[in-house]
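Beneath this line is the structure, given in structure tokens, with notes to follow.
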Number of protein chains: 4
Amino acid sequence: MLDVEAALAEAEAALGVIPAASATAIRAAARVSFYDAAAIAAEARQAGNLAIPLVHHLTKRVAADDAVAARYVHWGATSQDIIDTALVLQLRASVPSIVRDLQRAAEAAAGHARRHVDTLMPGRTWLQQATPTTFGLKAAGWLDALGRVEHALQSALTGALVLQFGGASGTLAALGPRGLAVAESLGARLKLSVPVLPWHAHRDRLAGLACALGVATGTLGKIARDLALLAQTEVGEAHERPAEAGGSSTMPHKRNPVRAAVALAAAVRAPGLVATILSAMPQEHERGLGGWQAEWDAIPELVGVSADAARAVAEALEGLVVDAGRMRANLDITRGLVLAEAVVMQLAPALGRQEAHALVEAASRRVVEEGRSLADVLAEDPAVTAVLGRPAIDAALSPEHYLGCAHTFVENALGRRGT
Amino acid sequence: MLDVEAALAEAEAALGVIPAASATAIRAAARVSFYDAAAIAAEARQAGNLAIPLVHHLTKRVAADDAVAARYVHWGATSQDIIDTALVLQLRASVPSIVRDLQRAAEAAAGHARRHVDTLMPGRTWLQQATPTTFGLKAAGWLDALGRVEHALQSALTGALVLQFGGASGTLAALGPRGLAVAESLGARLKLSVPVLPWHAHRDRLAGLACALGVATGTLGKIARDLALLAQTEVGEAHERPAEAGGSSTMPHKRNPVRAAVALAAAVRAPGLVATILSAMPQEHERGLGGWQAEWDAIPELVGVSADAARAVAEALEGLVVDAGRMRANLDITRGLVLAEAVVMQLAPALGRQEAHALVEAASRRVVEEGRSLADVLAEDPAVTAVLGRPAIDAALSPEHYLGCAHTFVENALGRRGT
Amino acid sequence: MLDVEAALAEAEAALGVIPAASATAIRAAARVSFYDAAAIAAEARQAGNLAIPLVHHLTKRVAADDAVAARYVHWGATSQDIIDTALVLQLRASVPSIVRDLQRAAEAAAGHARRHVDTLMPGRTWLQQATPTTFGLKAAGWLDALGRVEHALQSALTGALVLQFGGASGTLAALGPRGLAVAESLGARLKLSVPVLPWHAHRDRLAGLACALGVATGTLGKIARDLALLAQTEVGEAHERPAEAGGSSTMPHKRNPVRAAVALAAAVRAPGLVATILSAMPQEHERGLGGWQAEWDAIPELVGVSADAARAVAEALEGLVVDAGRMRANLDITRGLVLAEAVVMQLAPALGRQEAHALVEAASRRVVEEGRSLADVLAEDPAVTAVLGRPAIDAALSPEHYLGCAHTFVENALGRRGT
Amino acid sequence: MLDVEAALAEAEAALGVIPAASATAIRAAARVSFYDAAAIAAEARQAGNLAIPLVHHLTKRVAADDAVAARYVHWGATSQDIIDTALVLQLRASVPSIVRDLQRAAEAAAGHARRHVDTLMPGRTWLQQATPTTFGLKAAGWLDALGRVEHALQSALTGALVLQFGGASGTLAALGPRGLAVAESLGARLKLSVPVLPWHAHRDRLAGLACALGVATGTLGKIARDLALLAQTEVGEAHERPAEAGGSSTMPHKRNPVRAAVALAAAVRAPGLVATILSAMPQEHERGLGGWQAEWDAIPELVGVSADAARAVAEALEGLVVDAGRMRANLDITRGLVLAEAVVMQLAPALGRQEAHALVEAASRRVVEEGRSLADVLAEDPAVTAVLGRPAIDAALSPEHYLGCAHTFVENALGRRGT
């Protein structure tokens, strides 16, 4: 906010709206260390917003050195001009680190995709083993989605880096005919776009950025959920490299997925924050009552929550310990059932998809009930052996033969990044 | 869903995966009128999703005519391929009407901005009259925001028009080496982009579209709130042209802003729906449990809610009856107080902003307490008259002299549209 | 709504406000089958609410038989009186089935708690095996929570069963001095409480009921999540008895937890619906604009979503197939690590909690790295054997010796229900 | 958290689980001033929760004085026991001030209801003037709702004041047979209820309290919205007594409703926070991953937001400046239209409600179009004068004759409170 006030004074001085010496004095006083943030925050409660007490204290300090300059503090601006523009500056300062952590996470996902392009593991749907997939494809899915949400976040941030400067009712009336020139100069000094008109009560750009943070956090939550599920004691296919101070307070063997927890918690919190920011959009007339104020905490919290999630997932993926042996072993838990579809597809040309499906469904039930392998059960069924001999059954039940386009998908996802 | 199944069969036939005659038979059976939607919906409750019973009924119908073709229904696909792709097709069919209504609303707003570029009215902040503005500038603000949300919605829709096709675990394993070629052909037939890899558990594109709907609805809600506030009995500056059947059931004089109510209700509902769709994002592994299912109702509802809001605001703006006289009259309610800032700015170069502010604040209190005009009170104050004579006071208190860049802002907003 | 209109006429007739014959005629016309719901819904879009066209059609039908009676349709009421009271009647008709399904679920949970009071299984925290617990205690936790949310829902429903009757602005002015007597009679006829005053813009009772539905759905989601996690292929400790039409469209071996999916999807949707209903609370003045209208769809949807979840969890628990052998076997996966805490507690009196913790933590690492059992590793450590001999180590590592109050907790939870 | 650790040690000492001297040493070390909160918070990020580093530092401090006692810090507890119980203690310390502010607000509302029981003002529906009401009835509506939400909040708080104590997996295994006795003693020392069983992953009580805060904030938002609308420059019927430091930074005449803004912002934020807490409910198994962690910030924020709203509305109502003259004057803005319904009711017995409605609707249109009073227009219509003469028309159009049960409703609302 002090940066905005100082740049405003300089823009106005450059255009002859206020004396050059006043701008110098205001800039000199615009240092964070000069002010008691807690006191200003306390006064803001009475005043209704943070800019009123800040301008008061800034003016007092300027006045101590230069009574004339004190007259020109906050010249032509309204509180919301300063608060909104300062928010935009803070977003510019904070969101890029989220973008970078998304890139780190993507880089780590790409590494896993490359290394594990042919690492077999069970595909899982509805939390049940389905057909085989590769850990490479799973990681490529993360990579692909991370790329999209990173791009969308970058684009939404760019869209939100817009100056707010309209004065009391958005007309810049207090600056007379020089309002637009001051706005242009102020925008240039702060390196912010100058909008077609002030947007005090039109919050779509901020809401769009909030949404991009929300969607990114959703994707990070999806990855974290996968990691947490893979790290389960009974699955054991991958786990976060333990943090130094990690571990449970009571159970020495526990290696809690603390980074996944951070990202999952963020994915629980972000939707409510996005909803708050959307709910705040119908702001009244030229500047609203209630909606704008609701953003003050919600937007910084959403940035913080998203940043936590991005860093946590980047660290989790960078330090992920993958157990390819356990992945392969888990594919055998169902004694061939995860390849039931493969057999269906082999039988279907001869028997039709629905009949093949019914036949293999019955065999699958026997596998479960009798504790035998699908290969053995199928080999006993003349309807099957009429179409497939035992070697063909065994081949159909080899997971490495039933990966379809997995390899290509991974290569394409990696290729997209120029790797 | 029937369109997807038919196109899938045709793509597979074109590539020799299934017989050409089978595709013809499947296409012939893929007519909505052949099926009992309510029965399929009821069966879906048992089955867990809509595709399972649909495929069952489709196969039965195909089988009645062509037993071979029946074997190839849904060949290589998983339920979610069909449901997601069908959703994408429905979004393509429905969202553009929202875009058109946003354009209609923008067109109507542009008309108001043009006609009322110089129509004086009170600017209002925190629901209090602030300084003067023009109805043209208010309408230009609507226009400007509508343009942005329309563009963002169009862009998010384009991003979401992506084929879903991955089979059970997203590898297209059931189609062997021809999976990708089938995907390409299917995408081309449905005129959908083919993604780098299946996105069963990565919902960011849909969530991005949901967010764009949510942001658009927030902007529509903002406009509706302005309209509802302007239409208040005590304000009376604009009102919706009554619908034919409008009116209260008990109060013959009432002209309820029914279209604003629709948009405001939508703006209350959309954030919760967006939050639901974001909350659903962390979907497990290759295909999720609970999150995906939560989208089934939430996405169509959000589209419906947004569509209602867009149509309502388009109609409200197209039929808006503006009372410029009342706008001008309302500027006089405060007996000059809304121009207090104008006087501050005139006095400030001589007295400093804070002193000028304090002086006019005191005068404003007397205006309220004594029921007199600000001009009269100021004219009695020697500290004021030392700087401004009565004619200068009166000029400072003329709202048409205190509009700053309002006219330019409106012209720029209209210029952006090439009007 | 027809029931409300008919009861209103009868209440007014009983008090001599309208002729008795008119009430008879209105009652006769108040049959759902007489009206075209779709047409009324279409007209409601123009009118702004459902009551306006309904009253119109009802009056027309009454008029066809009795012109005098037609004058007295809707006498003294406002649309919102009818819509809100009808909503309350619908809640009374629908919510009790949710209460009953919560009771069914509780009954089923109690059965599991009783049968499995001593069935050992791994306790799991942060999705990692922690220390042993029993399936009885897990089920008792469900039972305990279901009892609370059922009670809270019943109580919130009772609190919401309140007549709405206030006329245009909530004064019952149209009925003159007899307003309150009509309200009392109407409440008695509909068996609804009569409030201290109309609550058109005070929605706390409905919001409270919505919250109770939301909390109940959250608890149902928690149970469903447990069930889905227990049913994972790699865990296999419990699964829903398959529905007849269940099963995957492509994978014959899959037994998707379709009921858990319904409840989990509900738990994703309910929070957004509750938030919508809370967001709608700040309704303007005597009757609001936007907030009330947002409730129209959100409340019925929330009831539907909650009802789906309650029925799904009741069915899932009633048909739950529990594999106690697999539960016991899963306790051995960590080769004793889940009992690490038990050893810490045995060593702590001699060594201090933190030192014992550090020692066992080191041993645990060796268990993981060397693939040996915790008992074997500990038996080699003189610091351990100085305190515990091998038999004591083995006893400490027996899960049945480390269940603390589990049995008592289960008995207490069952005792609370008088079982 | 230190209070919980100390009470735990004392409970265990009382039961002979740990030495009495150890409990004394732990209690002595359990002072907030001994610890560096910021450092502990920083370590918590690595550890995954706040209790782990806190226990670490507490143990270190205890060890400095008493090595034996250090062994017994946190004996038998898990991190979540401490964090949850500390949360409950903080809720007990903070929520009652919200209850008191709700009571203050109710008291102030009761004062307005009593003083203004017969103060005429326009009733407003859909943001349009409807029929007359009294400010007393509006205030009585606030009073009535505040009483309900205060009662519900108190009741939800009581329901949430429950000890959390279960150890690693909720069995209290580490305490062997004495677990329950320790729990009872600990509960008694902290004056918290002891639950039937630990509730680590069952969050319904906290969610119920969150909901009660959300509903209370919704009611506060409704009151704030009314206040903000009444304070509009064009309405001017009531305004907050300005805060000392209030006022706009640029407009000396502005008296922004800063307290209403606080409550309205709270009403925008609370629904998203409640939704977050509901979304977090499906926590996994014995202790969850992500959901619990999401509560850590969301619950305190919701308490803070609700507290701000309650204090703001209490202050706003206590300092509300009511302009009864302006209320009466605003009733005349429509030149009688707000009493159109009154005339309909007078004409209806003779003409039927719908015909009377149509007739007065036509007259109302002429009032609007011709700028005349409803009395004058009606007096020209023979269909009217056949039923009502001019004196009867004037009487029907006197707002004080058309208040129905308003006075009684106010008295009943006040009577409920024993006033």
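Predicted model, so just to flag it, every value in this text is computed and none were measured. Every chain is numbered from 1 and lettered A, B, ... according to where its sequence line falls, protein lines coming before strand lines.
Counting heavy atoms from C-beta outward, D:L264 and D:K222 have side chains that stay 4.5 Å or more apart.
Distance check, rounded to the nearest 0.5 Å: CZ of D:R366 to CG of D:L378 gives 9.5 Å. Of the inter-residue distances, the one linking B:R326 atom CZ with B:M121 atom CE reads 11.5 Å to the nearest 0.5 angstrom.
Using a 4.5 Å cut-off between heavy atoms, B:A275 makes no contact with chain D at all. In this structure, chain D has a heavy atom under 4.5 Å from the side chain of B:I333, while its backbone stays farther away.
Taking chain B as the reference chain and counting heavy-atom pairs below 4.5 Å, the highest number among D:R225, D:R365, D:H239, D:M345 is found for D:R225.
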Checklist entry - Going through the distances and angles, do B:E234 and D:N330 end up as a side-chain hydrogen bond (donor to acceptor under 3.5 Å, both in side chains)? => result CA-CA 7 Å; B:E234 300 82 2; D:N330 283 340; 5.1 Å; no
